[in-house]
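All figures in this text were calculated on a predicted structure; none of them were measured in a lab.
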Amino acid sequence: MTVSRWHASRVWLAAAALVVLALAVAGPLARRAVGSRVRALAATRGLAVDWQALAVGPAPQAAFRELTVTRRADGDTLLSVRTLEVGLDPWSLLLLHPRVGRVMVAHARARLAARPSADADSLEAEEPPEPGSRPGDRERAERLRGAARSLVRLLAAPARRLPRLSLSDVAITTGPREDDAEPGAGLTLRWLDLAPSAHGVRLATAGALLGERAVPFEASFAYEHDDRLSGGVRFDIPSVPGARPEPLRITVDGALTQERRLGRVLLADSTRVTVGTVRFRLGGAFERSGPRVRLVAAADSLTAAQWRASLPAAVLGPLAGLVVRGWYAQRVSLDLDLERPDSVAFAADVTPHGLRIDAAASRLDLLSLDQPFTARIHLPHDRIVERDLSPANPHYRPLAAIDSLLVNAVVTNEDGAFFRHRGFNTEAVRGAIAANARAGSYRRGAGTITMQLARNLYLGHARTLSRKAQEVVLAWVLEHLTWLTKERMLEIYLNIIEWGPDVHGADEAAHFYFGHDAGRLTVDEALFLATVVPAPTKWRYRLEADGTLRPFERAQMHFIGRAMIARGRLAPEALPPAEALHIDLRGAARDVVFPPTEAHADTIPS
């Protein structure tokens, strides 16, 4: 070591010693400064922060004990942490660019606000054309863009400059939805370790996804300085009670390039994602400008047998009993600029090669739906009811025997493009993505009548990704690999869907509400029944105490009527003004709205 370098080292060591000494002497002042800064930052977000103890040490670091974060508006606790330690990188202080070098969190509970349930697949009475057209839309949309920019910044952060992150016993949950129809979701982390190194950064974690049933997982990923991204995650999927969970393995091997000056991160098109033995190519880009995300996933040769061998039975659901011969290619792409959500591009293409259902080997019978059968109708909360779809059922109605006003009103409200798409409506998906991005929250889904038919006949209503994927696949199969016509699918649908308490099918609904057959309905009656379909258990809330339609219900009915007119399904002169819409309850529903008074025997005063 030369003399000059030796003197320089002594200067650096002396400076470091002075920083440590200053922090030790100024402990109380530092605690007050740190505490004031934390509280001020929380206040700008409408939050309040409190703790039992705060220590500022010479490392330099700050350690909180029993920290809580509450919402000022209602005092609701959003976060509680038994131990939180944040340490600064000492060398960054000497360079006058302080940065966090270490974060440790132990025994923490965070709760996110649950989104309210929505009638996701139906038209809304007032669709917001611009952000801000509903209270809070503009703010929510901006928060969404801010969160996306933060994600891009995180992905673009130099791996060697990421702080060491250690988590233990951390839970992040959402509360039950407003109607308590589904349990809260979230995840728990037994432990997580994010460790920068000379070669890059490594992430390892173990925990469980929360929902109707907990799904344990273990994951490990490495991001090297040569841009290579590799690793995988294993989920232990619960099966039937008493049986061992089945593993689901997903791995990734590719390249992630950080272009920090341009504010974007590129995922190489050659990146391979493997689900069990099923391989996809994945590529795309994440850009801070907008922000914007572009993704493309493709596979050249996929078979149903590969999926059955790669996915646990609980993930496959009824698809485990469906045997399909042949193979197919698939490509899905998304291009979304959150600054211009209406410009979103989405495509999902399947190219079949000799696909056909092997009826002899399949336990799931989809090829006889064009014949009379007994439908097992899956309802929320795992309830199942049956309806005979044959002339033996006095309420079964062929499509031609259901008033066309009702048929057209339901199709307009539930799936206006039903007769044009083949089970999956990419235009509706594009519209839903744009609407949700404009609003900054979940406002609209893209379900089709075919998907709802699959849900009601085979799947149930659990809000899980696996159930949604099963729904999409079954809808595609019903449209492409069976001989069902659109008219027959619509006929089954209108004879099984729920319209009230143990009310299934159009004719049962017409009798329950109006006391007559589904073959003769007024415009008002048809529009009312169409609004009930998305939330049949809440039909009573559409009416005032005296049985008249509530204003929001008349607005919804009139909106559907106008949509029918625009699509040539209703003559303009047939739609009354919104304020003139009305219904007369003459069926069993009348006794729900106007309970019969109990007869009381005459009493003789003593």
Between W476 and H480, what is the ring plane arrangement, given parallel below 30°, perpendicular above 60°, and tilted in between?
parallel

Looking only at heavy atoms, which two atoms of G423 and K486 are closest? And how far apart?
N-NZ, 4.4 Å

Determine, using ring centers only, whether W539 and F512 are less than 6.0 Å apart.
yes

By the salt bridge (charged side-chain N to carboxylate O under 4.0 Å, His left out) test, which pairs, at least two apart or in different chains, include something from residues 354-369?
R325-D358

With no hydrogens and no angle check, just 3.5 Å: does a side-chain donor-acceptor pair link R569 and T412?
yes

Taken in chain and number order and not counting sequence neighbours, the residues that satisfy side-chain contact (heavy atoms from CB on, under 4.5 Å) with P216 are D236

Pairs involving residues 390-409, ordered by first then second residue, that meet salt bridge (charged side-chain N to carboxylate O under 4.0 Å, His left out) (sequence neighbours left out):
R397-D507, R397-D517

Enumerate the residue pairs fulfilling salt bridge (charged side-chain N to carboxylate O under 4.0 Å, His left out) with a member in residues 298-321, sequence neighbours excluded, ordered by first and then second residue.
R281-D300

To the nearest 0.5 Å, how far apart are CZ in F424 and OG1 in T450?
12.0 Å

Looking only at side-chain N and O atoms, does Q452 offer a donor or acceptor that is under 3.5 Å from a partner on Y493?
yes

Among residues at least two apart in sequence or on other chains, which ones pass side-chain contact (heavy atoms from CB on, under 4.5 Å) with T303?
A305, Q306, W327

Under the side-chain contact (heavy atoms from CB on, under 4.5 Å) test, which residues partner A545, sequence neighbours left out?
none

Would you please classify the geometry between the F528 ring and the Y513 ring as parallel, tilted or perpendicular, with 30° and 60° separating the classes?
perpendicular

